[in-house]
2 protein chains.
Amino acid sequence: MQPQTPAPPPSTGRALEHPARGAIRLEDVLHALSDPMRLRVVRTLAGEARELACSDIELPVSKSTTTHHFRVLRECGVINQIYRGTAKMNALRREDLDALFPGLLDSVLLAADGQDLRSGGSAGGGG
Amino acid sequence: MQPQTPAPPPSTGRALEHPARGAIRLEDVLHALSDPMRLRVVRTLAGEARELACSDIELPVSKSTTTHHFRVLRECGVINQIYRGTAKMNALRREDLDALFPGLLDSVLLAADGQDLRSGGSAGGGG
DNA sequence: GGCGTACTACGAGGGTTATCGTACGAGGGA
DNA sequence: TCCCTCGTACGATAACCCTCGTAGTACGCC
């Protein structure tokens, strides 16, 4: 589909470590999801159909703290991160999570939405 | 729903505080479930159809630590605790959790079972 | 090559948590 | 009544986690 766009070179050389599917631990995933900031990131990622850069997801914390949360999410296997130029794109590892823990991610997202509705607030959930 | 319960002496006088259904927070539940000891307790409780005393669930930690974990589970709304004589009976708050977070508990239990199978071990899961 | 943007690494601080040991209250049985 | 079991409270400790600021690296663009 790209006429002569300089084929988006993914990882420019820097590689990021991700746990293999089999190495993803339920406890780690639950722990990652139990943090409000990280849950917000996951919900935003789930709402968008595309990858998002770290800076696309605004969190009410500092830059370094944001980096920390993204790292936690990556290291526990919840998201996939790849470098694209100066940006780092993030995507949910839906297939892996659904294969390992069927229905878990969906029920968490649903629960988060429901809780927001009950709290009378609007948070990251919807698109 | 028990037809003939021989001894229904409920709380002996000491009352325990539980959060109302509406006060249960998803993040707290996920956090509670992210601890291996507490997850084991929840799985054991889910496997048994009846209430279990604290001492019925053996954990590889000291008694005071066990008390701590049960307290966390109760305060975040995952389990219900009532005194019965010298024992304290524990039960999952399935109805509340299912009403608030449909499918969440089941998917967590399923995920935990699946993970155990993959790890080649048999843990608390059961039913 | 120079500049700006995006993200990281490091070190630090403040709060929370998991763990333990010990001493103590509550209830049931002999 | 005495004693045993069950669970609790308290104090202590070490580890963890979230947060931040600053300095630094990698990349794209001009």
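So that the names make sense, note that chain A is the first sequence line, chain B the second, and so on, each numbered from 1. Just so it is clear, the model here is predicted, and its values are computed rather than measured.
- In this structure, A:Y83 atom OH and C:dA6 atom C1' are separated by 10 Å, rounded to whole Å.
- Scanning for side chain to side chain donor-acceptor pair (under 3.5 Å) contacts around B:T65 gives B:S62, with sequence neighbours left out.
- In terms of the side chain to side chain contact (heavy atoms under 4.5 Å, CB included) criterion, residue partners of A:H68 (sequence neighbours excluded) are, by chain and number, A:R38, A:V72.
- Here the P atom of nucleotide C:dT17 and the CZ atom of B:F70 are 18 Å apart, to the nearest Å.
- Rounded to a whole Å, the CE atom of B:M89 is 15 Å from the C1' atom of C:dG27.
- The residue among B:D56 and A:T86 whose nearest nucleotide of DNA chain D is located toward the 5' end is B:D56.
- Between B:E58 atom CD and D:dG7 atom P the separation is 12 Å, expressed in whole Å.
- Whole-Å rounding puts the A:E51 CD to C:dA6 P distance at 17 Å.
- Legend: residues meeting salt bridge (Lys or Arg N to Asp or Glu O under 4.0 Å) with B:D106, ordered by chain and number and at least two apart, are B:R94.
- A:S55 comes within 4.0 angstrom of the backbone, heavy atoms only, and of no base.
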Show me the donor-acceptor pairs, under 3.5 Å and distance only, between side chains in residues 51-61 of chain A and residues at least two apart or in other chains.
from, atom 1, to, atom 2, distance (Å)
A:E51, OE1, A:R84, NH2, 3.1
A:D56, OD2, A:A53, N, 2.9

Please table the atom pairs, donor to acceptor, closer than 3.5 Å between any side-chain atom in residues 21-31 of chain B and protein atoms at least two apart or in another chain.
from, atom 1, to, atom 2, distance (Å)
B:R21, NE, B:D96, OD1, 2.6
B:R21, NH2, B:D96, OD1, 2.9
B:E27, OE1, A:Q115, NE2, 3.0

Give the B/S/- string for nucleotides 14-24 of chain D, one per nucleotide from 5' to 3', where a protein heavy atom under 4.0 Å of the base yields B, of only the sugar-phosphate yields S, and otherwise -. ----SBBB---

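- At whole-Å resolution of the value, CZ in B:R84 and C1' in C:dA26 are 16 Å apart.
- Atom P of nucleotide C:dA6 and atom CD of A:Q81 are separated by 16 Å, given to the nearest angstrom.
- Residues B:L105 and B:F101 form no side-chain contact, since every pair of their non-hydrogen atoms from C-beta on lies 4.5 Å or further apart.
- The separation between B:L16 atom CG and C:dA26 atom P is 14 Å, rounded to whole Å.
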